[in-house]
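Right, one structure below, let's go through it.
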Amino acid sequence: MAARLAPLLAAAALVALPPLMPKYALEVLISILFFGYLGACWNILGGYGGQFSFGHAAFFGLGAYTSTLLFLHWGVSPWIGMLAGGLLAAGFGLFAGYLSFRYGLRGPYFSLVTLAFAEMLRVVAVNWKAVGSSLGLVVPNRGSAPALFLFAEKLPYYYVILTMAVGALVITRAMERSRMGYALAAIRENEDAAEAAGVDALSTKLSAMALSSFLTALGGTFYAQYFSYIDPSLTFGPAISIGGLLPAIVGGAGTVTGPLLGSFVLTPISELTRAALRGRAGADIMLYGLVLILVISFLPNGLVGWIRARRAPAGGRR
């Protein structure tokens with residue numbers, strides 16, 4: 001009974017408490033949900049399919065730039081632009097995935113190829129004046145305009161990212177229980193054996209790539225609207241790719257709630273170390289990295305795996 005009640009209480013708290021929070025606490029919570037969302041997007045391909053992408057910033061940046069350019073030059077609402085960016089990112093993901101999977105790239109080779117694609121788009125954006133080059137793009141501040149994905153306060157952005165994060169978890173849960181989810185799990189464990197059993201590995205991985213790319217691009221649009229500024233280094237840089245995969249790995253890759261749980265642990269640690277070691281260049285990153293190494297070393301299956309392992313003996317006794 002308590003195990004079922006806890007998620008309901010947590011959900012009620014996430015909905016009811018933010019209006020009462022201080023501004024800084026609300027911003028931290030938005031960051032937690034944002035990176036949890038990116039982790040859930042990465043988890044579809046990297047966690048369930050075992051295809052570790054280091055270049056999800058490519059899809060994130062495409063989403064951010066597509067919606068922002070459509071808004072600035074043609075007045076298209078970012079709510080529509082984010083869907084256009086998602087479709088463009090999914091198309092690019094299929095292109096990059098086909099080139100990788102068709103020729104048998106796996107493991108570190110696939111990771112390096114995805115990183116190369118993200119870096120390629122970053123270089124293009126830096127040198128292309130039509131997209132603002134290295135100066136980036138600024139989303140004009142027009143006050144509160146919900147139809148244009150613009151809000152005067154942080155609270156509406158919180159509920160948007162909360163909805164996106166919950167949606168990503170629901171999609172992940174549905175995929176996990178579908179034929180695609182079982183096929184991805186088989187590919188992750190042994191791709192050759194999965195193909196011998198009749199799994200179409202290429203089409204399954206491409207489907208996961210397209211879904212993961214589409215959802216990641218939606219996060220790019222949220223980022224652009226929330227911060228009102230994007231540039232190539234921010235949106236196509238490795239920080240976004242790493243920020244998406246770390247919560248999933250720490251929380252538990254290949255699990256539904258792992259990315260969100262990982263973000264609830266990592267994001268506050270990052271904020272606390274930055275605040276505590278302010279003025280000491282790089283010290284906060286070193287401490288954050290140390291914590292990360294310890295978590296990965298002692299919890300190889302992530303936090304969700306650790307929780308399940310602790311529950312297993314109790315279940316066995318019962």
Side-chain angles (χ1 to χ4, degrees), residues 37-60 62-63 86-121 167-219 238 240-242 244-249 251-259 262 300-302 304-305:
Y37 172 80
L38 291 185
C41 299
W42 180 90
N43 193 38
I44 292 172
L45 180 67
Y48 285 94
Q51 311 301 310
F52 272 53
S53 167
F54 285 170
H56 260 50
F59 316 124
F60 182 89
L62 285 173
L87 293 175
L88 179 62
F92 184 78
L94 288 173
F95 168 74
Y98 183 81
L99 291 181
S100 303
F101 301 140
R102 179 66 179 81
Y103 297 101
L105 295 182
R106 303 179 186 177
Y109 301 102
F110 174 73
S111 301
L112 291 175
V113 166
T114 55
L115 180 62
F117 274 115
E119 183 64 13
M120 177 191 70
L121 291 178
L169 296 184
V170 170
I171 291 172
T172 302
R173 182 63 169 171
M175 185 209 70
E176 182 184 57
R177 295 183 171 186
S178 70
R179 182 175 181 179
M180 176 180 168
Y182 292 116
L184 283 173
I187 292 170
R188 179 188 63 207
E189 297 303 322
N190 191 320
E191 185 169 337
D192 293 331
E195 288 186 320
V199 174
D200 188 343
L202 178 60
S203 64
T204 301
K205 290 192 290 186
L206 287 177
S207 298
M209 188 78 161
L211 179 59
S212 181
S213 304
F214 179 85
L215 294 175
T216 302
L218 303 188
I240 289 294
S241 297
I242 300 301
L245 66 88
L246 283 183
I249 293 174
T255 64
V256 175
T257 57
N301 295 320
V304 172

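Note that the structure is a prediction, hence the values are computed from the model and not measured. Positions are given from 1 along the sequence.
- Minimum heavy-atom separation, S212 to I44: CB-CB, 4.4 Å.
- Considering all non-hydrogen atoms of both residues, T172 and A40 come closest at OG1-O, 4.2 Å.
- Formation of a donor-acceptor pair under 3.5 Å by the T114 side chain with backbone atoms of S111 is found in this model.
- Contact between A253 and G47 at its shortest, heavy atoms only, is CB-CA, 3.9 Å.
- For the pair S100 (side chain) and L105 (backbone), a donor-acceptor distance under 3.5 Å is absent.
- Summarising the geometry, atom CG belonging to L218 is positioned 4.0 Å from atom OH belonging to Y37; distances are rounded to the nearest 0.5 Å.
- To the nearest 0.5 Å, atom OG of residue S213 and atom CG of residue L87 are 11.5 Å apart.
- Minimum interatomic distance between P247 and P259 (heavy atoms only, all atoms of both residues): CB-O, 3.4 Å.
- To the nearest 0.5 Å, atoms CG (L169) and OG1 (T255) are separated by 9.5 Å.
- Heavy atoms only, all atoms of each residue included: L202 and R102 are closest at CD1-N, 4.0 Å.
- The shortest non-hydrogen separation linking A194 to I187 is CB-N, 4.0 Å.
- Remark: L45 CG to F59 CZ distance equals 8.0 Å, nearest 0.5 Å.
- Considering only heavy atoms from C-beta on, L211 comes within 4.5 Å of I171 through its side chain.
- Contact of the F101 side chain with the L206 side chain is registered, since non-hydrogen atoms from C-beta on lie closer than 4.5 Å.
- Here the side chain of W42 pairs a donor or acceptor atom with the backbone of S53 at under 3.5 angstrom.
- Between F54 and L112 the shortest side-chain heavy-atom distance does not fall below 4.5 Å.
- Applying the ring-ring contact (aromatic ring centres under 6.0 Å, His included) test to F117 and every residue at least two apart in sequence or in another chain returns F92.
- Note that CZ of F60 and SG of C41 are 10.0 Å apart. Values are rounded to the nearest 0.5 Å.
- Note that the CD atom of E191 and the NZ atom of K205 stand 3.5 Å from one another [nearest 0.5 Å].
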